Amino acid sequence: MKKGMYWLALIVILWGVLNIGPPPVVKAEPVSSRSHIDAKLSDYAGFEREATPRADGVRHVDTPAMIKKLKELNVNTYYYLNWYQPTDWDDFKDEFLPAAKEAGINVVLYLVPPSESTGSRKSYPYTTDYVAWGKAIAELSVQYDNLIGWAIDDFNHNLDFFTPEYMAKMREASTVINPNLKFLPSFMPLMYFPALTDEFLKTRGDYIDGVIVAYRDDPYRNTSVWSTEQQQIDEAYQLLKKYNLPLVWMVYTSYLTNTPGNPSVEYVRETVQTAVDNLRKGKLAGMITYELEKEFIAEPDKKAATGNGYMSFFVPSGVSTKPGDNVSASQVIHPDGSGNYALSFRTMAEGPKLEGYHIKQLLIDEQVVWEQDVAQNTVSGQWEEVNLDLTPYLTGKTSATLTIRLYEKNGVRNYWDNVGFDDFNARGFAMKNSGFEKKSGWSISSSYAGMIGENIIYDPNRREKAFRAVEAAYVSYKLQDEIANADLRHGIKRSLLNKMNRAIDAHFSERNRSAIQSLSILSLEIRALTGIHIPKETAALWNGKIERLVQLYRMKLE
């Protein structure tokens, strides 16, 4: 070792030993838990299928490809959705489950409830006989101890079926075969936030080992807004804590039905990072990414009239509105004094065609100069051109506010729609971002949280970017967790955790250069302690994760 490097290493070691102050930011809170849930970093569904059908005509689950992607993602648990094909159960027990065990990945079998067991799509072979499912899962878990539990989708929509008496039978069917399952998430109903109540937990809490909550900004059901996520985690955590039950949080990384399109990379990044932060704080026992796509191909949800971007005004399913509610986008324009002003644009609507409710409008200085009922867009999603003479409204003005909006003529209870504006072409004045190809130039506002405005820009690389955003968050947490649970001297551990926490906090707050700098300092300290206080194998694994994190953090800088 060169003399300069020797002194640097010595300084780093001393810094680590002497730095015994508390780690910044993260304040640990114990997870309320009836039993330990080793399912912190999880993924759900999002299968890769084999390229060609087998002899039975079915493209089976591509187990090797799935295991490879799950290892790359650094999950420790996978929620296997048994629903797409009648062969999924055989693929699960004969191929996926043993391969996951060899790879060190826990598995939860995910079933659909009676409300989703329609037509030919069901959870085969036992479909809606959940007592039989409990028995079969328990028997399989005796053979494969990485099968740690089972879950049922949309549980709150099926409470008439899942009575406390029936749930007791389900529980007994599994625990009589493998009593150990009761200490794992052997049964975790998926709930949507408004349905998680004291009444549910009082009547059914004895038969479950935790709850999965799928976040979608309820009651406004979308994958555009993430500002309510922390509040909902806090409320769910506090409620479940009363019943000594753990909370597992699911975030959408792919399409939610009756929404404008796939969640943006920004949405995925923000919701996943919030969940990981709450894992760090101890409020969550685990988190799940919903159908994180693993085949990096362009998605078919490009909806813009031209280019990649358009302005979306969205009323979600199940949302009640009242007359006068609206969502709008505005910008200030400056007529050139020619006295000849015109505007053309294109517009569309995707929802049901019922007249008298959702009205598209264009305003100049708060005066409505054009309007159209969404029912007039008779073909869902088809763009139509509108041409307006704005001369009467702009003559004599040096500036004016141009506004597009979706306005509620009458209130609705459940009438979803996605309204689009695109491709503005003006004469006699200039417009900013007239094709919505960037997120600037327009000021979006809403009088009601149930009406959402978003400048949506299609990204053909969304799948891979979303995957990498999740990978960055998961690897960050996993490295921190490994350091926290390592057998190290107290002062050394605290020093390493300080630096790892700084890196995560900087990354989550979009300060990636600072995050990379903290990782570099952390790596130096690990290298200096290798073979002295940190085993060589452990140090190699940690530095491998650091190298990958530097690559991932840099992706957001480019």
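Values in this document were obtained by computation on a predicted structure and should not be read as measured data.
- For the pair Leu73/Asp43, a side-chain contact is recorded, criterion being any heavy-atom separation below 4.5 Å from C-beta on.
- A donor-acceptor pair shorter than 3.5 Å can be found between the side chains of Asn418 and Ser312.
- Pairs engaging residues 147-157 under the salt bridge (Lys or Arg N to Asp or Glu O under 4.0 Å) rule: none recorded [sequence neighbours left out].
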Problem set entry | Trace of the side-chain contact (heavy atoms from CB on, under 4.5 Å) decision for Leu41 with Tyr477 | CA-CA 9 Å; Leu41 303 176; Tyr477 177 84; 3.9 Å; yes
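- Between Ser495 and Glu525, the side chains place a donor N or O and an acceptor N or O closer than 3.5 Å (distance only, hydrogens not considered).
- In plain terms, the two heavy atoms of Ala195 and Phe200 that are nearest each other are O-CB, 4.3 Å.
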For this session: Test side-chain contact (heavy atoms from CB on, under 4.5 Å) on Asp91 and Thr63 and set out the steps.
Result: CA-CA 8 Å; Asp91 287 351; Thr63 289; 5.7 Å; no
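- Judged purely by atom type and a 3.5 angstrom limit, Arg462 has no side-chain atom pairing as donor or acceptor with the backbone of Glu299.
- Ion pair Lys545/Glu482 flagged as a salt bridge, since at least one NZ, NE, NH1 or NH2 atom sits closer than 4.0 Å to an Asp/Glu carboxylate oxygen.
- The two atoms that bring Leu196 and Ala236 nearest to each other are CD2-CB, 3.9 Å, heavy atoms only.
- Residues Thr271 and Glu229 have side chains that never bring a donor and an acceptor to within less than 3.5 angstrom of each other.
- Side chain of Asn178 to main chain of Ser174: no donor-acceptor pair is present (N/O by atom type, distance under 3.5 Å, no hydrogens or angles).
- Residues Phe314 and Thr259 meet the side-chain proximity criterion, which asks for heavy atoms closer than 4.5 Å.
- In this structure a side-chain-to-backbone donor-acceptor pair under 3.5 Å is missing from Thr530 to Lys536.
- Remark: side-chain polar atoms of Arg49 are not paired, donor with acceptor, to backbone N or O of His60 under 3.5 angstrom.
- Under the 3.5 Å distance criterion, the side-chain polar atoms of Asn146 are matched with a main-chain donor or acceptor of Leu97.
- In the model, Glu116 has no side-chain atom that pairs as donor or acceptor with a side-chain atom of Asn158 under 3.5 Å.
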Problem set entry | From CA spacing to verdict: side chain to side chain donor-acceptor pair (under 3.5 Å), Gln230, Asp234 | CA-CA 6 Å; Gln230 185 60 57; Asp234 291 342; 2.8 Å; yes
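- When side chains are defined from C-beta on, Pro260 counts as touching Ile456, because their heavy atoms get closer than 4.5 Å.
- With hydrogens and angles ignored, the 3.5 Å screen pairs a side-chain donor or acceptor of Asn222 with a backbone N or O of Val225.
- Under the ring-ring contact (aromatic ring centres under 6.0 Å, His included) test applied with Tyr84, the options Phe92, Trp89, Phe47, Tyr110 reduce to a single match, Phe47.
- Arg280 has no carboxylate O lying under 4.0 Å from a charged side-chain N of Asp481, or vice versa, which leaves the two without a salt bridge.
- Considering all non-hydrogen atoms of both residues, Pro246 and Ala285 come closest at CB-CB, 3.6 Å.
- The minimum heavy-atom distance between Ala100 and Val107, with the atom names listed, is CB-CG2, 3.7 Å.
- In this model, a donor atom of one side chain and an acceptor atom of the other lie less than 3.5 Å apart for Thr228 and Asp217.
- If you check the side chains of Asn258 and Arg221, you find no donor sitting under 3.5 Å from an acceptor.
- Considering only heavy atoms from C-beta on, Leu81 comes within 4.5 Å of Val112 through its side chain.
- A heavy-atom distance below 4.5 Å is found between the side chains of Ile526 and Leu522.
- Within the 4.5 Å cutoff, the side chain of His507 has no heavy atoms near those of the Ile516 side chain.
- In this structure, CG on Asn433 lies 5.5 Å from CG on Asn455, to the nearest 0.5 angstrom.
- With sequence neighbours left out, the side-chain hydrogen bond (donor to acceptor under 3.5 Å, both in side chains) criterion links Arg121 to no other residue.
- A donor atom on one side chain and an acceptor atom on the other are not found under 3.5 Å apart for Asn82 and Asp88.
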For this session: Report the C-alpha separation of Lys69 and Glu293 in whole Å, then their side-chain angles, then the decisive distance to 0.1 Å, and conclude whether the salt bridge (Lys or Arg N to Asp or Glu O under 4.0 Å) test is met.
Result: CA-CA 10 Å; Lys69 282 290 173 63; Glu293 297 289 357; over 6 Å; no
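- In this structure, the side chains of Asp301 and Tyr255 stay at 4.5 Å or more apart for every pair of heavy atoms.
- Ser123 contributes no side-chain N or O that, together with a main-chain N or O of Leu111, makes up a donor-acceptor pair within less than 3.5 Å.
- No more than 12 heavy atoms of other residues, nucleotides or ligands lie within 6.0 Å of CG in Asp487, so this atom counts as exposed by the packing criterion.
- Using a cut-off of 4.0 Å between Lys/Arg side-chain N and Asp/Glu carboxylate O, Lys283 and Asp277 are scored as not salt-bridged.
- The main-chain N or O of Asp218 is found under 3.5 Å from a side-chain atom of Gln232 such that the two form a donor-acceptor pair.
- Leu201 CG to Leu240 CG: the interatomic distance, rounded to the nearest 0.5 Å, is 5.5 Å.
- Checked against the 6.0 Å centroid criterion, the rings of Tyr78 and Phe96 qualify as a close aromatic pair.
- For the pair Val213 and Met250, the minimum side-chain heavy-atom distance is 4.5 Å or more.
- Using bins of under 30°, 30° to 60° and over 60° for the plane-to-plane angle, the ring pair Tyr220/Tyr448 lands in the perpendicular bin.
- Heavy atoms of other residues, nucleotides or ligands lying less than 6.0 angstrom from CD of Glu437 number more than 12.
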For this session: Go through Leu549 and Ser476 one step at a time and tell me if the side-chain contact (heavy atoms from CB on, under 4.5 Å) criterion holds.
Result: CA-CA 7 Å; Leu549 285 175; Ser476 297; 3.4 Å; yes
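- Rounded to the nearest 0.5 angstrom, Leu496 CG and Arg489 CZ are separated by 12.0 Å.
- Between the side chain of Lys302 and the backbone N or O of Asn308, no donor-acceptor pair lies under 3.5 Å.
- The minimum heavy-atom distance between Phe313 and Gly453, with the atom names listed, is CD2-CA, 3.9 Å.
- Taking 4.0 Å as the cut-off between side-chain N and carboxylate O, Glu464 and Lys294 do not count as a salt-bridged pair.
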Exercise. Can you list the steps and then say if Tyr474 with Thr289 is a side-chain contact (heavy atoms from CB on, under 4.5 Å)?
Worked result: CA-CA 11 Å; Tyr474 275 18; Thr289 49; 3.6 Å; yes
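- Tyr310 has its ring centre no less than 6.0 Å from the ring centre of Phe436.
- Heavy atoms only, all atoms of each residue included: Gly261 and Thr223 are closest at O-OG1, 4.0 Å.
- Ser523 places no side-chain N or O within donor-acceptor distance of the main-chain N or O of Leu519, the cut-off being under 3.5 Å.
- Between the side chains of Asn501 and Asp505, no donor-acceptor pair of N or O atoms lies under 3.5 Å.
- Checked by atom type, the side-chain pair Glu266/Trp226 shows no donor-acceptor distance below 3.5 Å.
- Electrostatic pairing of Arg171 and Asp209 counts as a salt bridge here, judged by a charged N lying under 4.0 Å from a carboxylate O.
- For Arg548, the side chain to side chain contact (heavy atoms under 4.5 Å, CB included) criterion is met by Arg468, Glu471, Gln551, Leu552, Met555, not counting sequence neighbours.
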